[in-house]
Amino acid sequence: MDWPSTAAEAIAVQEKLRGLVEVVDVGPAPRYVAGLDVAYEGDRLAAAVVVLDRMTLDEVDRAVVRGATTFPYVPGLFAFREVPALLTALEQLTTVPDLLVCDGQGLAHPRRFGLACHLGVLTGIPAIGVAKTTFVGAHGRLGWERGATAELVDGDEVVGAAVRTQDGVKPVYVSVGHRVTLPTAVQRVLELAPHYRLPETTKQADRACRDGLLDG
DNA sequence: GCGACAG
DNA sequence: ATCTTGTCGC
């Protein structure tokens, strides 16, 4: 499988794959939810996937792989920097996740094909994007309490939702990646963040990849 | 044209 | 992402 090496090629790949995104809920509520994240130190990187039981939030599996960067960080082409290592980590898992909770955007992307869409389409696994800041789109004010939401709108499209996961904290930005609808994605994020601003999956994956960077 | 810009 | 101290609060 060829991988783009230039921005123009990467954009062409996104334009080609964007039509494969499925915005529909599939199957029963997920049992195994995976958090994915990548840490960097110069040209080195460590990618981690941590699988948790959705109900108990107990860890059931994890995989951490180290490597080197192969694509620079370019807003809009972020996926090309992280997808290769994340796919390798996913292959190392013993447990196949039912949902991928990605660190970044899904449809809330200039070409409607952010990291979560990319990973979802390539693996066929339902995926959602949870970002700490917005990339595209804007939203009105939302309630102060946990569970409050506001539509994230870009142009004339609702591309995601600003979600308050705890009373008074800054909202996180949730968008559809693949094989899930926005309401369901928001519900999953709230379930995964019972005590902190970020989903437990994201926190575990962040910790895992940072530790993975220290080893090598 | 100018600035903004997931991680 | 990463560079970085102390500090306020449960």
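All chains are named by letter (A, B, ...) in the order of the sequence lines, taking the proteins before the strands, and each is independently numbered beginning at 1. Since the structure is predicted, the reported quantities are computational estimates derived from the model, not experimental observations.
The stretch residues 125-150 of chain A touches DNA chain B through A:A131, A:K132, A:T133, A:T134, A:F135, each having a heavy atom under 4.0 angstrom from the strand. Near-neighbour residues of DNA chain B inside residues 153-170 of chain A, defined by a heavy atom below 4.0 Å, are absent. Annotation: proximity of residues 65-90 of chain A to DNA chain B (heavy atom, distance under 4.0 Å) is found for A:Y73, A:P75, A:G76, A:L77, A:F78, numbered in ascending order. Near DNA chain B, defined here as any heavy-atom distance below 4.0 Å, there are no residues from residues 191-202 of chain A.
Proximity of a side-chain donor or acceptor of A:R179 to a complementary backbone N or O of A:G124 within less than 3.5 Å is detected. Within the 3.5 Å criterion, the main-chain N or O of A:Y196 finds a donor-acceptor partner in the side chain of A:Q166. Formation of a donor-acceptor pair under 3.5 Å by the A:R111 side chain with backbone atoms of A:I11 is not found in this model. In this structure a side-chain-to-backbone donor-acceptor pair under 3.5 Å is present from A:D61 to A:T95. In this structure, A:R197 contributes its side chain and A:T165 its backbone to no donor-acceptor pair below 3.5 Å. The main-chain N or O of A:G106 is found under 3.5 Å from a side-chain atom of A:S175 such that the two form a donor-acceptor pair. Using modelled atom types, no side-chain atom of A:R146 and backbone atom of A:D167 make a donor-acceptor pair closer than 3.5 Å. Looking at A:R164, its side chain does come within 3.5 Å of a backbone N or O of A:L142 through a donor-acceptor pair. Side chain of A:D43 to main chain of A:A68: no donor-acceptor pair is present (N/O by atom type, distance under 3.5 Å, no hydrogens or angles). Side-chain N or O atoms of A:Q14 include one that pairs as donor or acceptor with a backbone N or O of A:G76 at under 3.5 Å.
Taking 4.5 Å as the limit, some side-chain heavy atom of A:L122 sits within range of a side-chain heavy atom of A:L17. Between A:V64 and A:D211, every side-chain heavy-atom pair lies at or beyond the 4.5 Å cut-off. At a threshold of 4.5 Å between non-hydrogen side-chain atoms, the residues A:C209 and A:V38 do not count as touching.
If you take OH of A:Y40 and C1' of B:dG7, they are 7 Å apart, rounded to a whole angstrom. If you take CG of A:D37 and C1' of C:dT2, they are 13 Å apart, rounded to a whole angstrom. As rounded to whole Å, 9 Å separates atom C1' of C:dA1 from atom CZ of A:R210. Atom CD in A:E41 sits roughly 8 Å away from atom P in C:dC3 (whole-Å rounding). Atom NE2 in A:H109 sits roughly 20 Å away from atom P in B:dA4 (whole-Å rounding). Between the CG atom of A:L36 and the P atom of B:dA6 there is a distance of 19 Å, given to the nearest Å.
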Can you run through DNA chain C from 5' to 3' and write each base as (, ), [, ], | or . depending on how it pairs? Watson-Crick or G-U wobble, both distances under 3.5 Å.
-> ..........

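Using a cutoff of 4.0 Å between basic side-chain nitrogens and carboxylate oxygens, A:R207 and A:D37 are not scored as salt-bridged.
The heavy-atom pair separating A:A131 from A:Q105 by the smallest distance is CB-NE2, 3.2 Å. Closest approach of A:A127 to A:C102, counting heavy atoms only: CB-SG, 4.5 Å.
Annotation: A:E151, atom CD; neighbour count of heavy atoms from other residues, nucleotides and ligands within 6.0 Å does not exceed 12. Residue A:Y73 qualifies as enclosed at atom OH: its count of foreign heavy atoms under 6.0 Å is above 12.
Across B:dG7, B:dA6, C:dT2, the shortest atom-to-atom separation from the side chain of A:A39 is found for C:dT2.
Taken together, the pairs of DNA chain B form no segment extending over three or more consecutive Watson-Crick or G-U pairs closer than 3.5 Å at both contacts.
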